[in-house]
Number of protein chains: 2
Amino acid sequence: MTPSDGRGSETRERIIEAALETLRQDGFAEASARAIAARGSFNQALIFYHFGSVANLLFEAFSQRSEDQVRRYRAAAADVATLSDLVGIARELHAEDTASGHVTAVVQLMAAAHDPQQSRALLDRFEEWIAIVEDALRRATADTPVASVVPYRQGAYAIAAMFLGIELLARLDPERSEAGDVFDMMAGVARLIEQLGPLVAQAMPQR
Amino acid sequence: MTPSDGRGSETRERIIEAALETLRQDGFAEASARAIAARGSFNQALIFYHFGSVANLLFEAFSQRSEDQVRRYRAAAADVATLSDLVGIARELHAEDTASGHVTAVVQLMAAAHDPQQSRALLDRFEEWIAIVEDALRRATADTPVASVVPYRQGAYAIAAMFLGIELLARLDPERSEAGDVFDMMAGVARLIEQLGPLVAQAMPQR
DNA sequence: GTCTATACTTGGATAGAC
DNA sequence: GTCTATCCAAGTATAGAC
């Protein structure tokens, strides 16, 4: 489609980088071709040459990074054995995002989406994230009573949604974000479930 | 500040209504003075006469509605006695939002905020929501083991964040939203905690 | 208080030189 | 493949008639 489909083009990469940075720092509303070009110190016209439109650029930028991250987190999730591990990954992902702003960018794109086609594309991508959480959740609760109570799919959906909400709030005022405290709390709950598991399991049949 | 600070002005109300409706249906990116005016079938210039700027209008619209809703939900939350009640309220709020789109509008404003002052104002408003959840949570778990394990503040923050995330996702494709299933799941968990409570409480001291 | 008309600004996008 | 210049559309905002 694009003139330089040699993928790894030097400039393409620079443009994508600037686009994500703009999305993260200034938000979607401010992510104009001119603003992005200014941030990356390149010519505004390059965006249209390489990506056709700003909307296209933003989506491609997200799409490419998502692919990378999905690969990485799928690997990390494969090592999850306990609920504590799962919370640990979430905490790590959030910490990374504070620096890279990738999830923040996703939230921006989701909130700004208006054409149904793009909305669906975003949801399809997000589906991969949910699947990773679901997979980790399944493995983490294999031998706990949670397994028979919380449907994995919905549990994963809820966790993923919560993560989006946290990133949404964190961008408003990083200083005031309580993400760290929330992860601490969840870590505590995870530990408790792990410890109480056997006991509850014993009690469950009476239910 | 505004010319007609008689608050209840007929037109002001019409403008606010149209603004929220536009925010809900088309999202922030499309909520221009022209679009809002078209939706409400009034003159575009009225927005500037009554509110000074589009940004101002959107914030005032949100602010006014938030006040109403906070009042209503604070009352509803006062009647919460169990976790199941809490889930019920959440489900109800979500159902209402599917029609009114108020929370959706909040998410749009949050995502689009860029000036620190407005961000802080939004967070301050959101603080009230968290407080309501926290209050309900405290009452709902008074005599369950959860009380001694989940810090109320963080629990409420997490729940509120999840709610925002769900609304964010629901707007992308209402058909595909799994909000209903999530509430079902939470209802199940709530029931379980209520039933298992005494047992776990017995076990807890051994921890 | 509301409408028409319009000035001004910003952003998307393209043409054409290099 | 990159830059300059420019066109055009859309949006904010104001002036002034009614």
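In what follows, chains are A, B, ... by sequence order, proteins preceding strands, each numbered from 1. These values consider heavy atoms only, across backbone and side chains, with no hydrogens, waters or symmetry-generated copies.
To the nearest angstrom, P of C:dA17 lies 17 Å from CG of A:Asn43. Between A:Tyr49 atom OH and D:dC3 atom C1' there is a gap of 13 Å when expressed in whole angstrom units. Between A:Arg39 atom CZ and C:dG11 atom C1' there is a gap of 17 Å when expressed in whole angstrom units. Note: CZ (B:Phe51) to P (D:dA13) measures 14 Å, nearest angstrom. Nucleotide C:dG12 holds its C1' atom 17 Å from the NE2 atom of A:His50, rounded to whole Å. Whole-Å rounding puts the B:Ile47 CD1 to D:dA10 C1' distance at 14 Å. In this structure, A:Ile15 atom CD1 and D:dG1 atom P are separated by 11 Å, rounded to whole Å.
Listed candidates were D:dT2, C:dT14, D:dA13. Nearest to the side chain of B:Phe48 is D:dA13. Checking D:dA13, C:dG12, C:dT4 against every side-chain atom of B:Gln44, the shortest atom distance belongs to D:dA13. Distances from the side chain of B:Ala45 to the nucleotides D:dA13, C:dC3, D:dC3 place C:dC3 closest. Distances from the side chain of B:Leu46 to the nucleotides C:dA13, D:dC3, C:dC3 place C:dC3 closest.
Between A:Ile36 and A:Phe42 there is a side-chain heavy-atom pair separated by less than 4.5 Å.
In terms of the ring pair (Phe, Tyr, Trp, His ring centres under 6.0 Å) criterion, residue partners of A:Phe183 (sequence neighbours excluded) are, by chain and number, A:His94.
For the residue pair B:Ser84/B:Glu194, the side-chain donor-acceptor check at 3.5 Å is satisfied. Side chains of A:Glu60 and A:Gln64: a donor-acceptor N/O pair is absent below 3.5 angstrom, by distance only.
Side-chain nitrogen and oxygen atoms of A:Thr11 include at least one within less than 4.0 Å of the OP1 or OP2 phosphate oxygen of D:dT2. For A:Ser32, no side-chain nitrogen or oxygen approaches OP1 or OP2 of C:dT10 to under 4.0 Å.
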